[in-house]
Asker: 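Quick one: this structure, given as structure tokens, is what I'll be asking you about.
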Amino acid sequence: MSNPKERILVIGACGQIGVELTLALRKIYGNTNVVASDLRNEHELLKGTGPYVSLDVMNKEMLHVLVIRHNITQVYLLAAILSATGEKNPGLAWHINMQSLINVLEIAKEEDLHKLYWPSSIAVFGANSPHQHTPQHTIIEPSTVYGISKFAGERWCEYYHKHFGVDVRSLRYPGLISYKSAPGGGTTDYAIEMCYEATENGHYKSYIAENTYLPMMYMPDAIRATIELMETDAKNISLHTSYNLNAVSFSPKEIAAEIKKHIPGFTISYDPDYRQEIANSWPQSIDDNLARKDWGWKPEYDLAAMTEDMLKNLKKKR
Ligand code: NAD
Ligand code: SER
């Protein structure tokens, strides 16, 4: 059960996940108990729903003051540079993804925070990992700076849990599909772009080849997974690196066919770019048995239900 006394800080609250997660947490814990923060201006959907603070998570002193001043007991750290953007500036991606996590882990240790959430990704896996039903524990040789930072981050989470008792929890999200807040530069964003372009122009040129399968998840499932993991009794959490999490796997050709059921005139062409190599190195599907066993994870949305809901909501937005 959620504790009404919790005071939550969401860092990176204006991003693709942050907006929806902040709104979901505010429903559970009460608007005033969830402080949203980001480098960017407050997202339109957050305005008027609760406290908002401008924050650069790289500034540890500023973060520390914020945690003390707002009596924060839990932090959700979502600020990061994603896979495709990260390859354009590897040094910056490493610096931001690592230092933000270390800053938050240190403050969680110093202030004895109740819980910390930090997401990892399917990007921890590499070309030598099994590509089908990729197991929780297997060869982990990421090839992108994003994947390397996520793998190192997982090790840091386990380290702070083991040595300092920080209750840090994590999920290896697949590619997340959503319509409320724009995605931030990932390889899997093609599927979101395709839905937008289908409703706006009836055509999409995909930077991922037609038969490339990747693990994906609709945002409502991802938000529910995050909250279920965070609300699970600590004694049931057997993993303090990051849980594999599965929902659906599809290729550009398959989601295009699904879109055509709703927009018959939709057309697609393919022009793979540097992101194809990233996609080729990632799993095609994920084995998430440990998440199912430890805290009862079960996805709800399949490709058909996800596409129908995405298109319905994108049409409403136009
Ligand atoms: P996003 O890029 O949409 O959002 C990140 C937010 O962090 C942005 O609003 C950005 O302004 C903010 N931010 C960046 N630098 C900051 C800083 N120095 N201080 C404060 N805020 C800063 O990313 P997202 O898709 O919402 O992803 C959130 C987390 O989930 C990331 O760790 C990402 O790696 C992980 N993840 C996302 C996906 C996905 O498909 N979206 C999949 C796997 C893992
Ligand atoms: N969706 C993310 C990306 O493509 C996976 O972590 O970067």
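All ligand and atom numbering here is 1-based and tracks the order in the structure. Position 1 is the first residue of the sequence, and the numbers go up from there. Heavy atoms only: backbone and side chains are in, while hydrogens, waters and symmetry mates are out.
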Asker: Would you tell me whether Lys317 and Tyr196 have side-chain atoms, one donor and one acceptor, within less than 3.5 Å of each other?
Answerer: yes
Asker: Hey, does Tyr146 sit under 4.0 Å from ligand 1 if you only count heavy atoms?
Answerer: yes
Asker: Nearest protein heavy-atom contact for atom 5 (C) of ligand 1: which residue, which atom, what distance?
Answerer: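 Heavy-atom neighbour on the protein nearest atom 5 (C) of ligand 1: Leu78 O, 3.8 Å.
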Asker: Within a distance under 4.0 Å of any heavy atom of Gly12, pick out the atoms of ligand 1 and give their elements.
Answerer: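 In order of number, 6 (C), 7 (O), 12 (C).
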Asker: For a quick check under 3.5 Å, do Asn211 and Ser251 share a side-chain donor-acceptor pair by atom type?
Answerer: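 No, no side-chain donor-acceptor pair sits under 3.5 Å.
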Asker: What is the ring orientation for Tyr159 with Trp156, classed by angle as parallel under 30°, tilted 30 to 60°, or perpendicular over 60°?
Answerer: perpendicular
Asker: Heavy-atom contact check, 4.0 Å cutoff: does Tyr190 meet ligand 2?
Answerer: no
Asker: Regarding atom 42 (C) of ligand 1: of the candidates Pro174, Pro183, Gly175, which has the closest heavy atom?
Answerer: Pro174
Asker: Counting heavy atoms only, which part of Asp189 comes closer than 4.0 Å to ligand 1: side chain, backbone, both or neither?
Answerer: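 It is neither part, as no heavy atom is under 4.0 Å.
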Asker: Give the residue and atom name of whichever protein heavy atom lies nearest to atom 9 (O) of ligand 1, and the separation in Å to one decimal.
Answerer: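 Sorting protein heavy atoms by distance from atom 9 (O) of ligand 1 puts Asp38 OD2, 2.7 Å first.
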Asker: Is the closest N or O pair between Ser120 and ligand 1 shorter than 3.5 Å?
Answerer: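 Ser120 vs ligand 1: no N/O contact under 3.5 Å.
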Asker: Quick test: of every protein heavy atom, which one is nearest to atom 6 (O) of ligand 2, and how far off is it to 0.1 Å?
Answerer: Ser121 OG, 2.6 Å
Asker: With no hydrogens and no angle check, do the side chains of Asn97 and Tyr146 hold a donor and an acceptor under 3.5 Å apart?
Answerer: no
Asker: Which of the atoms in ligand 1, numbered in the order shown and given with their element, are less than 4.0 Å from a heavy-atom of Leu55?
Answerer: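 Listed by number with element, the hits are 19 (N), 20 (C).
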Asker: Report yes or no: do Ser170 and His240 form a side-chain donor-acceptor pair below 3.5 Å?
Answerer: no
Asker: Tell me, which protein residue and heavy-atom name are nearest atom 15 (N) of ligand 1, and how many Å apart are they?
Answerer: Leu39 CD1, 3.7 Å
Asker: Answer with yes or no whether the side chains of Gln136 and Tyr243 bring together a donor and an acceptor at under 3.5 Å.
Answerer: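 On atom types as modelled, these side chains do not qualify, holding no pair under 3.5 Å.
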Asker: Any side-chain donor-acceptor pair under 3.5 Å between Ser120 and Glu154?
Answerer: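 Yes, side-chain donor-acceptor contact under 3.5 Å.
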Asker: Is the closest N or O pair between Val57 and ligand 1 shorter than 3.5 Å?
Answerer: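 Between Val57 and ligand 1 (N or O atoms, distance only) the closest approach is under 3.5 Å.
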Asker: What protein heavy atom sits nearest atom 4 (O) of ligand 2, and how far off is it?
Answerer: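 I find the closest protein heavy atom is Thr187 N, 2.7 Å.
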Asker: Going by atom types only, do Arg26 and Thr49 share a side-chain donor-acceptor pair under 3.5 Å?
Answerer: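 Side chains of Arg26 and Thr49: pair found under 3.5 Å.
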Asker: Suppose we measure from atom 26 (O) of ligand 1 to each protein heavy atom; which comes out shortest, and what is that distance?
Answerer: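 Answer for atom 26 (O) of ligand 1: Ile17 N, 2.9 Å.
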Asker: Going by distance alone, is a donor N or O of one side chain under 3.5 Å from an acceptor N or O of the other, for Tyr218 and Glu300?
Answerer: no
Asker: Got the closest protein heavy atom to atom 41 (N) of ligand 1, with its distance?
Answerer: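 Looking at atom 41 (N) of ligand 1, the protein heavy atom closest to it is Gln16 OE1, 2.9 Å.
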Asker: Give the residue and atom name of whichever protein heavy atom lies nearest to atom 4 (O) of ligand 1, and the separation in Å to one decimal.
Answerer: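 Result for atom 4 (O) of ligand 1: Gly15 CA, 3.2 Å.
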Asker: Is there a donor-acceptor pair closer than 3.5 Å between any side-chain N or O of Asn236 and the backbone N or O of Asp294?
Answerer: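 Pair absent, no side-chain N/O of Asn236 close to backbone of Asp294.
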Asker: Do you know the tightest heavy-atom contact between Ser178 and Glu20?
Answerer: CB-OE2, 3.7 Å
Asker: Which option wins on minimum heavy-atom distance to atom 13 (N) of ligand 1: Ala79, Gly186, Ser170, Ser121?
Answerer: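 Nearest heavy atom to atom 13 (N) of ligand 1 lies in Ala79.
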Asker: With side-chain hydrogen bond (donor to acceptor under 3.5 Å, both in side chains) as the test, pick out the partner of Thr73 among Glu111, Arg7, Glu6.
Answerer: Glu6
Asker: Taking only heavy atoms of Gly186, which atoms of ligand 2 are found under 4.0 Å from at least one of them?
Answerer: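 What qualifies from ligand 2 is 3 (C), 4 (O), 7 (O).
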Asker: Considering heavy atoms of the protein only, find what lies nearest to atom 43 (C) of ligand 1 and give residue, atom and distance to 0.1 Å.
Answerer: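 Ranking protein heavy atoms by distance from atom 43 (C) of ligand 1, first comes Tyr173 CB, 3.3 Å.
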Asker: Checking a contact table here: which protein heavy atom is nearest atom 40 (O) of ligand 1, and how many Å away?
Answerer: Leu176 N, 2.9 Å
Asker: Of the backbone atoms (N, CA, C, O) and the side-chain heavy atoms from C-beta on, which set of Tyr146 has a member under 4.0 Å from an atom of ligand 2: side chain, backbone, both, or neither?
Answerer: side chain
Asker: With heavy atoms of Asp56 as the reference, note each atom of ligand 1 found under 4.0 Å away.
Answerer: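 Heavy-atom distances to Asp56 below 4.0 Å select 17 (C), 18 (N), 19 (N).
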Asker: Answer side chain, backbone, both or neither: which part of Lys150 comes under 4.0 Å from ligand 1, heavy atoms only.
Answerer: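 Looking at Lys150 and ligand 1, just side chain atoms fall under 4.0 Å.
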Asker: Any N or O of Thr188 that comes nearer than 3.5 Å to an N or O of ligand 2?
Answerer: yes
Asker: Based purely on interatomic distance, does Arg40 place a nitrogen or oxygen under 3.5 Å from a nitrogen or oxygen of ligand 1?
Answerer: yes
Asker: List in chain and number order the residues that pass side chain to side chain donor-acceptor pair (under 3.5 Å) with Thr138, two or more places apart in sequence or in another chain; answer none if no residue qualifies.
Answerer: none
Asker: Just distances here: any N/O of Met58 and N/O of ligand 1 closer than 3.5 Å?
Answerer: no
Asker: Verify the distance criterion only: is there a donor paired with an acceptor across the side chains of Tyr117 and Gln74 at less than 3.5 Å?
Answerer: no
Asker: State, without any angle test, whether Tyr173 and Thr226 hold a side-chain donor-acceptor pair at a distance under 3.5 Å.
Answerer: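 Tyr173 vs Thr226: donor-acceptor pair found between side chains.
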Asker: Determine yes or no for a side-chain-to-main-chain donor-acceptor pair under 3.5 angstrom, with Asp221 supplying the side chain and Tyr301 the backbone.
Answerer: yes
Asker: May I ask you to check whether Ser83 has an N/O atom sitting below 3.5 Å from an N/O atom of ligand 2?
Answerer: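 Yes - when backbone and side-chain N and O of Ser83 are compared with those of ligand 2, one distance drops under 3.5 Å.
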